[in-house]
Amino acid sequence: MLEKALVGSKRYWTLVFILLGIIGIAFLVYLKQLKEGLGITGMSRDVSWGFYISQFTFLVGVAASAVMIVIPYYLHNYKKFGRIVILGEFLAVSAVTMCMLFIFVDMGQPSRIFNVILHPTPNSILFWDAVVLSGYLLLNILIGWNALQAEYKGTPPPKWTKPLVYISIPWAISIHTVTAFIYQGLPGRHFWLTAIMAARFLASAFSSGPALLLLLALLVRKYTKFDPGREQLQSVAKIVTYAVIVNFFFFLLEVFTAGYSQIPGHLHSFEYLFFGIEGHGKLVPLMWISIFLSLFAIALLVIPPTRRNETTLTVACIAVFASLWIDKGFGLVIGGFVPNPFERVFEYWPTLPETIITLGVWATGFLILTVLYKVVISVRERVGFEESAH
Amino acid sequence: MGMDRREFLRLAGLTCIGIGVGGAQLFVRTKIASSEYAPPEERLTAKRWAMIIDLRKFKTEEDYKRVIEACHKIHNVPNIPDPADEIKWIWTEDFEHSFPEQMNPFIPESVEEKPVLVLCNHCGKAPCVRVCPTKATFKRPDGITAQDYHRCIGCRFCMAACPYGARSFNWRDPRPYIKEENLEYPTRCIGVVEKCTFCVERLAVGKKPICVEKSNGAMLFGDLEDPSSEVRMYLAEHFSIRRKPELGTQPSVFYIIGGEEHA
């Protein structure tokens, strides 16, 4: 079935080669990083995690969000999602791969990566993250690929994949919970030390992930003969609406706790992110843009006519994705490190090599996504997708 | 070729067994019998090593410098000018930033501006040890939080976990920044984390940490679990504080502040 990825239109190949080009350049920059060390990034003694780890954190959410399509389809028998469930699962495959790559490029000694397996350490959350992420990747490849192969042959999917589907649901929740635990269990990092962290992670995942899926589905419909379906997209839009509101609510809970208690440790990171401390405020404009985009998206999504109109819906989804990318793919990780344990302010900003490597990892994810979606679309264009296929 | 199907299968089978046995051997740790290794008799031992820094006895800038330079010199700590990439094992911070939870704007100026020596606290419950995914940082039976530079994968989870900013990462090759290399102690490569080790290499040969030795009596080192030890007796007589004790990390470094002479 993979051979379907080898035959495609000119547009398909152009996209593939552009992505390969970006990956190639990023790989060369990575070789430089490998040789000279992580000093070529903007990270420092005080902000010791930067863009790589924050992208990882954000993308775990995108990966987990596949469950928002899987639950209605498999647990509530919402048959209409049969058209898009595989798009969600393959998005998860691509997102988890990017997560792993981001962890890898962040390592100081990548050649020692197998030490994590050679010396398994169950008290480390990072160990569990490696376990749940690789498990989730495997689950989604197995489920997605077998479902598609069955569709290709015109048979029902093999029975043994059904239990895997049920396992994948709590598993999706686990990957983002464990990722939140990396942060929320650290003494002395007040910004992260909050019981609502995992819940907030899930809420932001279940809005940014489906928003991305919706945008991808619209692209698929525009450029191919496969139509994911209007009603399906509207259902995804409602999921995004609920989740983005819950996410904003959780954010306000954090603001209240810090603001009303007035405990300095809790206040400082918020102060830094939204107002700046002692003239240091590189992230201030971005954080306000994130707030504004979230509110703007909530308005567009809550008002029925703008949610139903696909142009305004597209705008809303882009706004959700951008807002939550800033919030979780940047501010959340950096905010935890500023001020440092001495309550001094040292700022972080990604360097050019760091940005290129980051783009390279994103391009790798999109290449995987492009190839997998190409196979799906080719199969569907051939068999002519019917809703009663399963 | 003179190999029939039967012989091929037999050879292939033997090869597989060979690879299997060889592979299994990789996973069976070869251990040095305990009888082959005897720790040096002169070594210093304790149930839980602890340090007291009596800041009253640090009078001049020279007092601090002597201690810091001695440590960084014997441990091949590079002198990297860019503060973002700096490696520090022991250094000074002012009182206000060393003890941010104190937040008292009315303490004597002499205390407020007093430089405080800061280093790894060798916590009783070390968050860095809890989070390390490879046990590269680990607790020794004598309470020291040690670091294995050869196992560290450079994930920097320990740096996020340490509430004291005690850990440094080798963002670049440290070797060009070492003025005079001490051949008795290893240098580090890029991509690993390092910090103060309470001079494990000196304790093994019966010497106290170099900072204590160079402090002219301003720093004490001993067993916290031994009620008759020098550190316990000193702590019983002088009021001491620790950095961020509210986090439950149980730091093993104690500070005696004292606002004025003979406080």
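In what follows, every chain begins at residue 1, and chains take the letters A, B, ... in the order their sequences are listed.
Heavy atoms closer than 4.5 Å to chain B are found in both the backbone and the side chain of Glu343(A). With a 4.5 angstrom heavy-atom cutoff, Lys135(B) touches chain A via backbone and side-chain atoms both. For a residue to count as touching a neighbouring chain, one of its non-hydrogen atoms must lie under 4.5 Å from one of that chain's; by this rule Asn340(A) does not touch chain B. With a threshold of 4.5 angstrom between heavy atoms, Ala166(B) approaches chain A through N, CA, C or O but not through any side-chain atom. Only the side chain of Phe169(B) comes within contact range of chain A, with at least one heavy atom under 4.5 Å from a heavy atom of that chain. The part of Leu34(A) that comes within reach of chain B is its backbone (N, CA, C, O), which places non-hydrogen atoms under 4.5 angstrom from that chain. For chain A, the nearby part of Arg167(B) is the backbone; its heavy atoms alone come within less than 4.5 Å. Only the side chain of Pro264(A) comes within contact range of chain B, with at least one heavy atom under 4.5 Å from a heavy atom of that chain. Looking at Val193(B), neither its backbone nor its side chain comes within 4.5 Å of chain A, counting heavy atoms on both sides. For Ile103(A), no part lies under 4.5 angstrom from a heavy atom of chain B. If you measure heavy-atom distances from Phe337(A) to chain B, the contacts under 4.5 Å come from the side chain alone.
Side chain of Lys244(B) to backbone of Pro187(A): no donor-acceptor contact under 3.5 angstrom is found. For Arg156(B) (side chain) and Ser48(A) (main-chain N/O), a donor-acceptor pair under 3.5 Å exists by modelled atom type. In terms of modelled atom types and a separation under 3.5 Å, the side chain of Arg189(A) and the main chain of Ala160(B) share a donor-acceptor contact. The main-chain N or O of Trp171(B) is never found under 3.5 Å from a side-chain atom of Arg45(A) such that the two would form a donor-acceptor pair.
Of all the listed residues (Gly248(B), Ala161(B), Pro83(B), Cys162(B)), the one sharing the greatest number of non-hydrogen pairs under 4.5 Å with chain A is Ala161(B). Listed options Gly185(A), Ser124(A), Gly42(A), Gly37(A) were ranked by heavy-atom pairs under 4.5 angstrom with chain B; first place goes to Ser124(A).
Atom CD1 of Ile125(A) is separated from atom CZ of Arg130(B) by 10.0 Å, given to the nearest 0.5 angstrom. In this structure, CH2 on Trp49(A) lies 7.0 Å from SG on Cys155(B), to the nearest 0.5 angstrom. A distance of 9.5 Å separates CZ in Phe157(B) from CD1 in Ile53(A), rounded to the nearest 0.5 Å. Asp46(A) contributes atom CG, which lies 9.0 Å from atom CD of Glu86(B) (distance to the nearest 0.5 angstrom). In this structure, the separation between OG1 on Thr134(B) and CD1 on Ile113(A) is 11.5 Å, given to the nearest 0.5 Å. Taking CG of Leu247(B) as the reference point, atom CG of Leu193(A) lies at 8.5 Å (rounded to 0.5 Å).
Taking 4.5 Å as the limit, every side-chain heavy atom of Cys152(B) sits out of range of all side-chain heavy atoms of Gln109(A). Under the 4.5 Å side-chain criterion, counting only non-hydrogen atoms from C-beta, Arg112(A) is in contact with Val192(B).
Here the shortest heavy-atom pairing between Ile190(B) and Lys35(A) reads CD1-O, 3.6 Å. Of all heavy-atom pairs spanning Thr121(A) and Cys132(B), the tightest one is CG2-O, 3.5 Å.
With a 6.0 Å radius and a threshold of 12 heavy atoms from other residues, nucleotides or ligands, Lys47(B) has its NZ atom at or below the threshold. The number of heavy-atom neighbours closer than 6.0 Å to CZ of Phe27(A), taken from other residues, nucleotides and ligands shown, is 12 or below. In His280(A), the NE2 atom is crowded: over 12 heavy atoms of neighbouring residues, nucleotides or ligands sit closer than 6.0 Å. Remark: Lys139(B) NZ is packed, more than 12 non-hydrogen atoms of other residues, nucleotides or ligands lying under 6.0 Å away. The local environment of CD in Glu246(B) is crowded, with over 12 non-hydrogen atoms from other residues, nucleotides or ligands closer than 6.0 Å. Around NZ of Lys65(B), the count of heavy atoms belonging to other residues, nucleotides or ligands within 6.0 Å does not exceed 12.
Chain A is approached within less than 4.5 Å, heavy atom to heavy atom, by Lys88(B), Trp91(B), Glu93(B), Asp94(B), His97(B), Ser98(B), Pro100(B), Met103(B) from residues 88-103 of chain B, ordered by number.
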